[in-house]
A.B. asks: 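Quick one: structure below, then a few questions.
When a residue number appears, it is its place in the shown sequence, counting from 1. What you see is a predicted model, and the numbers here were worked out from it, not measured in a lab.
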Amino acid sequence: MGERDDNELVLRTFSKAFVKQKDVTGWIVHSDQDFQYTSHVYHDMLPAKG
């Protein structure tokens, strides 16, 4: 949770999930297609994590 629903919150949430579970094979990522999920930084992060 955060005070603002921004790119930083989304990326921090994913980073915490990746620390908890190293193998993300088969994960399905659902988003509401808001600006955070259509940003370049978000789309660059997903393939970097596999």
A.B. asks: Can you sort out the partners of Asp5 under side-chain hydrogen bond (donor to acceptor under 3.5 Å, both in side chains), two or more places apart, ordered by chain and number?
C.D. replies: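 If we apply the side-chain hydrogen bond (donor to acceptor under 3.5 Å, both in side chains) test to Asp5, skipping adjacent residues, the hits are Gln36.
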A.B. asks: Hydrophobic clustering (ILVMFWY, side-chain heavy atoms < 4.5 Å, transitive) - are Tyr37 and Val41 grouped together?
C.D. replies: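 The answer is yes; both residues are in one hydrophobic cluster.
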A.B. asks: I'd like a table of donor-acceptor pairs (distance under 3.5 Å, sequence neighbours excluded) in which one partner is a side-chain atom from residues 22-29, with atom names and distances.
C.D. replies:
| unit_1 | atom_1 | unit_2 | atom_2 | d |
| --- | --- | --- | --- | --- |
| Asp23 | OD1 | Thr25 | N | 3.0 |
| Asp23 | OD1 | Thr25 | OG1 | 2.6 |

A.B. asks: So which heavy atom on Asn7 is nearest to which on Ser39, and how close?
C.D. replies: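 Smallest interatomic distance, heavy atoms only, reads OD1-OG, 3.6 Å.
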A.B. asks: Hydrophobic clustering (ILVMFWY, side-chain heavy atoms < 4.5 Å, transitive) - are Leu11 and Leu9 grouped together?
C.D. replies: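 In one cluster with Leu9: Leu11, no.
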